Amino acid sequence: RRGLYTIYRNRVQDGSETSGLLTDLAIWTGAPTVVTISTDVNFNWDQGSPIGVKKDYWTGEWFGWVNIASTGTYGFFITSDDGGFLDIGNQRLLWDPTLHGAGVLRGGTTTFSTPGFYPIHLGSYENGGGAACKLFWSLPGQTTTQVEVIPSTYLFCGPAAITGTDGILTAQTITVPAVQFNQNSTTNNKIRFMAADLNGNLGESTVFNVRINADVTNPVFIANTFQS
């Protein structure tokens with residue numbers, strides 16, 4: 001399905017907005033306020049907000065896959081109000097915990113040696129006042145100033161499907177890109193899985209526990225726990 005999974009979360013104005021906001025994992029892992037699919041990321045809410053989300057103090061998060069049709073060096077950027085982050089192919093191109101308007105492109109470049117679908121994950125947070133988030137790219141051979149909003153024809157939110165009849169699902173093995181964590185830990189971390197049907201209806205799993213050890217080459221899924 002084309003588009004990116006989208007999660008908006010209302011959050012509490014608690015004083016953390018002035019520094020280190022992005023490092024507060026609670027604002028990215030709390031209960032979703034609105035869950036939907038965005039055909040692209042090209043939003044300017046001005047003084048407003050997405051439908052169902054309060055005016056100020058909320059986060060937006062988009063994730064899925066971007067189709068890289070040819071090899072070469074691509075630029076990926078966001079403009080956001082306020083800060084945000086951007087991951088492409090499990091490479092972090094932006095981590096911006098500052099408060100600002102949406103007038104500046106922020107991001108970086110990455111080189112692909114093989115065409116295909118690569119994971120994309122970005123987020124922005126709204127502190128107060130105006131709100132916006134747009135996702136751009138530059139193609140191989142273009143400069144980083146020759147950018148355009150990534151078209152919906154290159155964005156997808158699902159590498160595989162689960163089929164069935166009469167509402168009964170058929171179990172399948174689904175291979176997804178590796179999950180990247182930004183800190184080492186021997187304690188349990190949290191992860192959710194999401195899926196969408198062809199009508200865009202989203203389903204969200206229960207929270208799974210993930211234990212990160214020095215060697216996670218062969219993680220094993222048992223019940224609701226990943227073990228390594």
Side-chain angles (χ1 to χ4, degrees), residues 1-66 76-88 92-107 119-136 149-152 155-158 182 190-207:
R1 177 181 172 86
R2 287 177 176 168
L4 297 178
Y5 292 131
T6 306
I7 299 177
Y8 297 109
R9 293 180 175 92
N10 288 334
R11 59 184 181 81
V12 178
Q13 182 184 7
D14 60 4
S16 65
E17 288 81 7
T18 56
S19 64
L21 181 61
L22 287 180
T23 62
D24 180 5
L25 296 181
I27 71 171
W28 304 111
T29 59
T33 303
V34 174
V35 179
T36 185
I37 292 176
S38 301
T39 55
D40 57 16
V41 183
N42 187 17
F43 300 104
N44 182 5
W45 295 281
D46 194 17
Q47 298 296 311
S49 63
I51 296 174
V53 179
K54 64 182 183 177
K55 179 180 179 295
D56 294 318
Y57 306 110
W58 51 269
T59 61
E61 190 176 4
W62 298 265
F63 54 98
W65 282 262
V66 57
F76 293 91
F77 310 92
I78 64 172
T79 59
S80 61
D81 183 350
D82 289 280
F85 67 88
L86 175 60
D87 298 339
I88 302 291
R92 174 140 292 166
L93 298 182
L94 175 68
W95 185 258
D96 172 24
T98 61
L99 303 180
H100 52 70
V104 177
L105 288 169
R106 294 175 170 87
I120 182 171
H121 184 199
L122 64 143
S124 69
Y125 63 89
E126 158 58 5
N127 193 61
C133 187
K134 299 185 179 185
L135 172 65
F136 299 86
V149 171
I150 300 181
S152 61
L155 299 173
F156 294 85
C157 55
N182 296 313
K190 303 298 182 182
I191 187 172
R192 283 185 174 93
F193 290 98
M194 301 186 69
D197 64 20
L198 294 179
N199 295 318
N201 300 308
L202 286 175
E204 184 174 5
S205 75
T206 57
V207 176

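Since we're looking at a predicted model, the values are computed, not measured.
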Non-hydrogen side-chain atoms of [X] and [Y] separated by less than 4.5 Å:
X	Y	result
I78	V41	no
P50	F43	no
I120	W62	no
E126	D82	yes

Report yes or no: does [X] contribute a side-chain atom to a donor-acceptor pair with the main-chain N or O of [Y] at less than 3.5 Å?
X	Y	answer
D56	G129	yes
D46	G48	no
N10	K54	yes
S38	T36	no

Atom pair [atom1]/[atom2] of [X] and [Y] - distance to nearest 0.5 Å:
X	Y	atom1	atom2	result
F85	S80	CZ	OG	10.5 Å
L86	D96	CG	CG	11.0 Å
Y5	C157	OH	SG	5.0 Å
F76	L93	CZ	CG	7.5 Å
D81	N127	CG	CG	9.0 Å
H121	L4	NE2	CG	10.5 Å

Least distance between heavy atoms, [X] atom then [Y] atom:
X	Y	result
T79	A102	CB-O, 3.3 Å
A132	S124	O-OG, 4.3 Å
A31	R9	O-CG, 3.8 Å
K55	Q47	CE-O, 3.0 Å
A131	W58	CB-CZ2, 3.8 Å
P119	W65	N-CD1, 3.7 Å

| request: Go through the steps for I51 and V34 under the test side-chain contact (heavy atoms from CB on, under 4.5 Å), then give the verdict. | output: CA-CA 8 Å; I51 296 174; V34 174; over 6 Å; no
| Taking only residues two or more places apart in sequence, or in another chain, which ones meet N42 in a side-chain contact (heavy atoms from CB on, under 4.5 Å)? |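 Partners of N42 under the side-chain contact (heavy atoms from CB on, under 4.5 Å) test: D40, K134, V149.
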| said: Could you walk me through whether F77 and F136 satisfy the ring pair (Phe, Tyr, Trp, His ring centres under 6.0 Å) test, starting with their C-alpha distance in whole Å, then the side-chain angles of each, then the deciding distance to 0.1 Å, before giving a yes or no? | reply: CA-CA 5 Å; F77 310 92; F136 299 86; 8.1 Å; no
